[in-house]
Amino acid sequence: MLQLSYVREHKNEIIDRLKIRNFDGEKVINEIVERDEVRRQSQTEADAQQAELNKMSKEIGAAFKSGDRQKAEKLKAKTGELKTSTKELFERVSKAERQINNLLLSIPNVPNAQVPAGKSDEDNEVIEEFGQKPELTTDAKPHWDLAKEYDIIDFERGVKVTGAGFPIYTGKGARLQRALISFFLDEAERAGYKEIVPPLLVNESTGIATGQLPDKEGQMYHVQEEDLYLIPTAEVPITNIYRDELLKKEDLPVKMCGYTPCFRREAGSYGKDVRGLNRLHQFDKVEIVQITRPEDSNTTLNNMVEYVKSLLAKLELNYRTLRLCGGDLGFTAALTFDLEVYSAAQKRWLEVSSISNFETYQANRLKCRFKDENNKTRLVHTLNGSALAFPRILAALIENNQTEKGIKIPAALVPYTGFEYITK
RNA sequence: GGAGAGGUGGCAGAGUGGUAAUGCAGCGGAUUGCUAAUCCGUAGUCGCCUAAAAGCGGCUCCCGAGUUCGAGUCUCGGUCUCUCCGCCA
């Protein structure tokens, strides 16, 4: 969430910039500033009274020690009234703090200056297109047909075992998943990311810190009995590794990666977009996460985008890079680039990676800070990106590489799959 | 699941009702003729005052209530960790 001092000092600028993401923050922010004034005034009074009480306590202690019992009793009698009014003042402070906190939680991140205005995904800015769209014969099939034909994904039995959106990968399909895990993790390790195997269930504090809670409960599966949530992405547990920690400046940047399944309820998603592998309740993903100094995060974001692009190039997939407009930006993100791969059989672009800079928004909730060379404690910046999400990569791979001989595996993956073609 | 012990600053670690020891690390400074030693200072956070610092004050010993003029210390509730037992891949 936004820092209170930042809201106080840049009120109008924040209101203006939030408009880029079509968020009208005027009322909430004015209320925060007003509550903050109450808070500070009450605290100044309360502190002064508390100081007086502390002084009296010491005098009483001294009087007892010197054996002056009468003086002590006299002083004790005087504390009562002051105690009551001090307590009331502190209650006003904490009430204001709670109100401010709730209001702050409801405000999304302030978009970075690079973010273009726009209402929806249609207004995202295409900044680059790489490679040729593959040309397929007219009888080319979408992946859900190919999956059945080549016996690599069993959607129907997935429905039986669990429900829609939980596919079962079989045989070479399963092997291909395993190949992707190893390929992406090996690449990430080469790029300097430390591999993490995080928990797949997280507690409430963790969900709040990265911004999934409150409000977005609908996205996560909740385990009632233990009050835990299944992770919607590895971002959540991996970023939270450094929650409530004070890092040394030489620890930065922290570069981590991890493979995990991701679980999403996707409440309210219907229609043709959900066909096949396009939108699932459980899917696999390798995530990269970085924690950086504030002044480095812009460069880092670009490096992360370049890194993910290099993966797509190695998989011989054509892609385009989008800069998300304000209307499509996630709640916690300041700036996001999406990478989309073209599916020739479905004749549409598929989002395979989303790479974001959260600046201090998550860091403030995480209370993740570092000491700089002036010994100042400052919030870090957090970033993450998919590198990559499997289902749509798989969809594009099998659709775009369908040949008469079978489905051709890109050369970079062959050492991992152990086969060059998936055949019937 | 049962029993017991514990949670103190970036880290380690004392502290049985009256201003939170000490060591290490980091940072700043002093001194010395050599990859070093020694000495001094230095926790976080909120508020007041500042142009900024300095300064002053509050809070913080896992969290929340309570007792008390005064709580790291006593009481109650919660939470997490460790040890032993039970169960178990």
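Here the structure is a predicted model, which is why all the values come from computation and not from measurement. Every chain is numbered from 1 and lettered A, B, ... according to where its sequence line falls, protein lines coming before strand lines. Heavy atoms only: backbone and side chains are in, while hydrogens, waters and symmetry mates are out.
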Counter-base of [N], judged by Watson-Crick or G-U geometry with both distances under 3.5 Å:
N	value
B/G57	B/C46
B/U67	none
B/A14	none

[X], nearest nucleotide to its side chain (from [options]):
X	options	answer
A/Ala51	B/G18, B/U19, B/G58	B/G58
A/Asp47	B/G47, B/G58, B/A43	B/G58
A/Lys76	B/C69, B/U19, B/G47	B/C69
A/Lys249	B/C27, B/G57, B/C69	B/C27
A/Arg369	B/G44, B/G58, B/C69	B/G44
A/Lys371	B/U19, B/C69, B/G44	B/G44
A/Arg40	B/C48, B/G58, B/U45	B/C48

What's the [atom1]-[atom2] distance between [X] and [N], to the nearest Å?
X	N	atom1	atom2	value
A/Glu97	B/C59	CD	P	14 Å
A/Gln43	B/C49	CD	C1'	15 Å
A/Asn203	B/U81	CG	P	11 Å
A/Arg35	B/C46	CZ	P	20 Å
A/Asn54	B/U19	CG	C1'	10 Å
A/Phe90	B/U60	CZ	C1'	12 Å
A/Leu4	B/U45	CG	C1'	13 Å
A/Lys367	B/A43	NZ	P	21 Å

Below 6.0 angstrom between ring centroids: does that apply to A/Phe263 and A/Phe283?
-> no

If you measure only the distance, is there a donor-acceptor pair under 3.5 Å linking the side chains of A/Ser297 and A/Asn357?
-> yes

No-hydrogen, no-angle side-chain donor-acceptor test under 3.5 Å, A/Gln290 and A/Thr292 = no

Look at the rings of A/Phe184 and A/Phe390 and say which category their plane angle falls in: under 30° parallel, 30 to 60° tilted, over 60° perpendicular.
-> tilted

Take the angle between the ring planes of A/Phe155 and A/His143 and call it parallel below 30°, perpendicular above 60°, tilted in between.
-> tilted

Should [X] be listed as having a side-chain N or O under 4.0 Å from OP1 or OP2 of [N]?
X	N	result
A/Lys83	B/G70	yes
A/Lys55	B/C69	no
A/Arg39	B/G47	yes

What nucleic acid atoms does [X] come within less than 4.0 Å of, heavy atoms only: base, sugar-phosphate, or nothing?
X	answer
A/Lys78	nothing
A/Gln50	sugar-phosphate
A/Arg8	sugar-phosphate

In whole Å, what separates the C1' atom of B/A30 from that of B/C82?
-> 45 Å

Specify the residue among A/Lys58 and A/Lys248 whose closest nucleotide of RNA chain B lies further upstream toward the 5′ end.
-> A/Lys58

Select from A/Asp36 and A/Leu53 the residue whose nearest nucleotide in RNA chain B is closer to the 5' end of that strand.
-> A/Asp36

Atom pair CG (A/Leu383) and CD (A/Gln362), whose distance is rounded to the nearest 0.5 Å | 9.0 Å

